[in-house]
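Every chain is numbered from 1, with letters handed out A, B, ... down the list of sequences.
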Protein chains: 2
Amino acid sequence: MATIKDIAKLAGVSITTVSRALNNHSDVNRDTYKKIAKIARQLGYQPNSSARSLVLKKTNTIGLVVSNLTTRSGHHFLFDIICGVNEQASLRHYDVFLIGTNTRQQEEVQYKELCRRRSFDGVILAGLKINDPYIDQAVQAGVPTVLLGVPAPSDSVGSVISDDVGGSMSAIQHLIDYGHRHILFINGHQEAAVSQFRLEGYKKALEKNGLPYDEGKVAHANFEIEGGGEAFAALIAKNPNATAVFCASDLMAYGMLGKASELGYKVPDDISVVGFDGIEITEIMKPQLTTIDQDRFQIGTSAVNMLLEMMDGTPGYTRVMASKLIIRDSTKMLVPD
Amino acid sequence: MATIKDIAKLAGVSITTVSRALNNHSDVNRDTYKKIAKIARQLGYQPNSSARSLVLKKTNTIGLVVSNLTTRSGHHFLFDIICGVNEQASLRHYDVFLIGTNTRQQEEVQYKELCRRRSFDGVILAGLKINDPYIDQAVQAGVPTVLLGVPAPSDSVGSVISDDVGGSMSAIQHLIDYGHRHILFINGHQEAAVSQFRLEGYKKALEKNGLPYDEGKVAHANFEIEGGGEAFAALIAKNPNATAVFCASDLMAYGMLGKASELGYKVPDDISVVGFDGIEITEIMKPQLTTIDQDRFQIGTSAVNMLLEMMDGTPGYTRVMASKLIIRDSTKMLVPD
DNA sequence: CTGAAAGCGCTAACAT
DNA sequence: ATGTTAGCGCTTTCAG
């Protein structure tokens, strides 16, 4: 394991000069620089990052802390985010620690301690529920932090969220444009911040079109397949005249589709369906799902960019990423009879 | 940021004693220990990992290096592995760096340098193609390394692989048991080690049952949806009497199903299909796919365990994980006419 | 049982 | 343009 000491010895200079040369300081003689660079290359020298971090008080490391990392269906959503974070961090010469957590673990180990253990320069927090301890703790901790999917509670933390309100509105508007008036809403669980916003969008769109909001048309489920099916069965029993369903996740939409088929409903002939997320399988499953697409990869890259800005002193802010309606085969114009 | 120095001052002892106390050395007075522990707790002390690594020459860190991390459909397969690695590493008090790479990047930065940059105690390498530079370089590097999906080329590296040969054999045997004699095989691309093994299993199963191996029944595709469809179109044109298809990935199976439907084939009535991987969507898509299931999470945890063994000096070895035939709706007994 | 001192590999004043 | 020195926070001989 070559160190600058070895290089210094071979080059016949002091370690300081080696350090300066290798860090491209301008005050190094052209020839000494060349000699040092060459020796370093020959030795396959790599600076010891621990030593460097120790003196620089900077680890060039960001923590990607994901709550509920192992949730069964998490990959549809989280994977692209992880890829985006990874790619952008790498471009900016940061390495990323992937850390799984959950609500219970958050109660056991303080956010601040988690960050200190590895001296993260900054942290991206994903998968948090609305009451998870780390949200408040992040505000206190003083470690640059970007929240994903939860609006920033203070300007000591930043956040990247999708335009959930707007996304929901465009979903509902699309259904209304297609002639639907009785639109069920299968929302996600209440511990998710996005659920509030998606409900808000649902209400706003109805109001904008002069349609009444009816609590009996809304159910909450867990974002997963099974939840969608169960919620649909319950809702449709109460609202037999409904002609459309808006689901707060694509997975719930597929669960709902399965149940609809069991109950004898044809999609989109009897019932139109809009999902949310734009996960990959909406393109390959039948029917192809009309959905609100989020660019998850870009959420990841944006989070990294914001985090690096914050490390440079910019106060945190909330960035809202556009979400886009993609019309496919699960929605159909209602023919007036 | 509290250090042992701060604790020492408050406790009225030397930093040596603090260090010993906090590391549970036995030669510390019970009462001094208590005093120190209490102060540490009050200060929210966390040891500086850089300082620790520097002197201990151990980072308690493993690198999870994933080639082609951003491949579009990678999540179906990689996510569970990542979760498994993460979970097990965490249990064993290691943190994991997630690093994306690809063939080009491997040509640019040497494996050894990658490892040294962060002083990984060990590395898990996933997603490698058969000719990727890192396979050979891992052998030379002297960093404990576990390969995923590629058999260990030497005993300085270990590897965890699925039982691809056995898996393929049981897939084919299942089809043969169901009366199929003309079985197409849509294999993965040739740069994947698993493709060789799956082909081997295909051949062995045929031979065992006295059936001829016919190269014209085998195609190679890219493991993804589209590849499966194209390969099927080509194969079925040449082999119109085929009644079954074995696909080396579930995704290709779904691509194949789509194409089959386009061409007017009903599954499983006209054609039986077996996939490979056991990804989540095989349970939710219609038809539910008969497939060879791999426990990807366990591949991840096993890799970590093997890696830690190797760090303790155990030579690397190849661990073969069982794969299991799951019979669902896409295969059907052939009725002799 | 405790402390003083050295040193891990590196960077950054401060000379020269 | 280069070297000397100190020190980042921690562990570990070595002495007492």
Side-chain angles (χ1 to χ4, degrees), chain A residues 1-40 43-61 93 95 112-113 115-121, chain B residues 1-40 43-61 93 95 112-113 115-121:
Chain A
M1 210 54 126
T3 70
I4 49 171
K5 211 166 159 185
D6 301 320
I7 300 178
K9 200 170 294 172
L10 287 174
V13 297
S14 74
I15 59 167
T16 313
T17 303
V18 176
S19 173
R20 276 194 285 244
L22 264 22
N23 288 296
N24 297 309
H25 287 205
S26 53
D27 56 354
V28 177
N29 181 292
R30 191 99 195 91
D31 290 335
T32 19
Y33 170 81
K34 277 191 195 157
K35 199 199 301 180
I36 290 171
K38 186 173 167 208
I39 296 174
L43 262 42
Y45 170 78
Q46 287 293 124
N48 180 311
S49 56
S50 299
R52 205 153 214 267
S53 301
L54 184 57
V55 50
L56 256 25
K57 291 176 179 338
K58 174 153 175 35
T59 54
N60 261 271
T61 273
H93 305 292
D95 285 324
K112 207 184 243 176
E113 285 167 20
C115 295
R116 285 195 179 164
R117 205 182 70 217
R118 281 297 178 188
S119 319
F120 298 132
D121 290 338
Chain B
M1 208 55 125
T3 70
I4 49 171
K5 212 166 159 184
D6 302 320
I7 300 178
K9 200 169 295 172
L10 287 174
V13 298
S14 73
I15 59 166
T16 313
T17 303
V18 175
S19 172
R20 274 194 287 243
L22 263 22
N23 287 296
N24 296 310
H25 287 206
S26 54
D27 56 354
V28 177
N29 181 291
R30 191 99 195 89
D31 290 335
T32 3
Y33 170 82
K34 276 190 195 158
K35 199 198 301 178
I36 290 171
K38 188 175 166 206
I39 295 174
L43 263 40
Y45 170 78
Q46 288 292 124
N48 179 310
S49 56
S50 299
R52 205 155 215 264
S53 300
L54 183 57
V55 49
L56 256 24
K57 291 173 177 342
K58 175 152 175 33
T59 55
N60 259 273
T61 271
H93 306 292
D95 285 325
K112 205 185 245 174
E113 285 167 21
C115 296
R116 283 193 181 167
R117 206 181 70 217
R118 281 298 179 185
S119 320
F120 297 132
D121 290 339

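- Nearest heavy-atom pair across A:L43 and B:R116 is O-NH1, 4.1 Å.
- Note that the CG atom of A:D95 and the CZ atom of B:R118 stand 4.0 Å from one another [nearest 0.5 Å].
- Residue order along DNA chain C, read from the 5' end via each residue's closest nucleotide, puts B:V13 first among B:V13 and B:L54.
- Between A:F120 atom CZ and A:N60 atom CG the span is 13.5 Å, to the nearest 0.5 Å.
- For B:D27, the side-chain contact (heavy atoms from CB on, under 4.5 Å) test picks out B:R20, B:H25, with sequence neighbours left out.
- Using five terminal pairs a side, the axes of the helix from C:dC1-D:dG16 to C:dT16-D:dA1 at its two ends make an angle of 40°, given in steps of 10 degrees.
- Residue B:L22 contributes atom CG, which lies 15 Å from atom P of D:dG9 at whole-angstrom precision.
- Applying the side chain to side chain donor-acceptor pair (under 3.5 Å) definition to pairs two or more places apart or across chains, those involving residues 43-57 of chain B are B:N23-B:R52.
- A distance of 9.5 Å separates CG in B:L56 from CG in B:L54, rounded to the nearest 0.5 Å.
- The side-chain heavy atoms of B:E113 and B:R117, taken from C-beta on, include no pair separated by under 4.5 Å.
- Contacts between residues 27-38 of chain A and DNA chain C, defined by a heavy-atom separation below 4.0 Å, involve no residue at all.
- Residues B:V18 and B:I36 approach most closely at CA-CD1, 3.9 Å, considering heavy atoms.
- To the nearest 0.5 Å, atoms CD1 (B:I4) and OG1 (B:T17) are separated by 10.0 Å.
- With rounding to the nearest 0.5 Å, the separation of NZ in B:K35 from CG in B:N29 is 9.0 Å.
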Note to self: Please encode protein proximity along nucleotides 10-16 of chain D as a string of B, S and -, counting only heavy-atom distances under 4.0 Å.
What the structure shows: BBB----
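- Close to D:dG9, at under 4.0 Å from its OP1 or OP2, lies a side-chain N or O of A:K57.
- A donor-acceptor pair is defined here as one N or O able to donate and one able to accept, closer than 3.5 Å; such a pair exists between the side chain of B:T59 and the backbone of B:S119.
- In 5' to 3' order, the nucleotides of DNA chain C bounding all contacts with chain B (an atom under 4.0 Å from a heavy atom) are C:dC1 to C:dG9.
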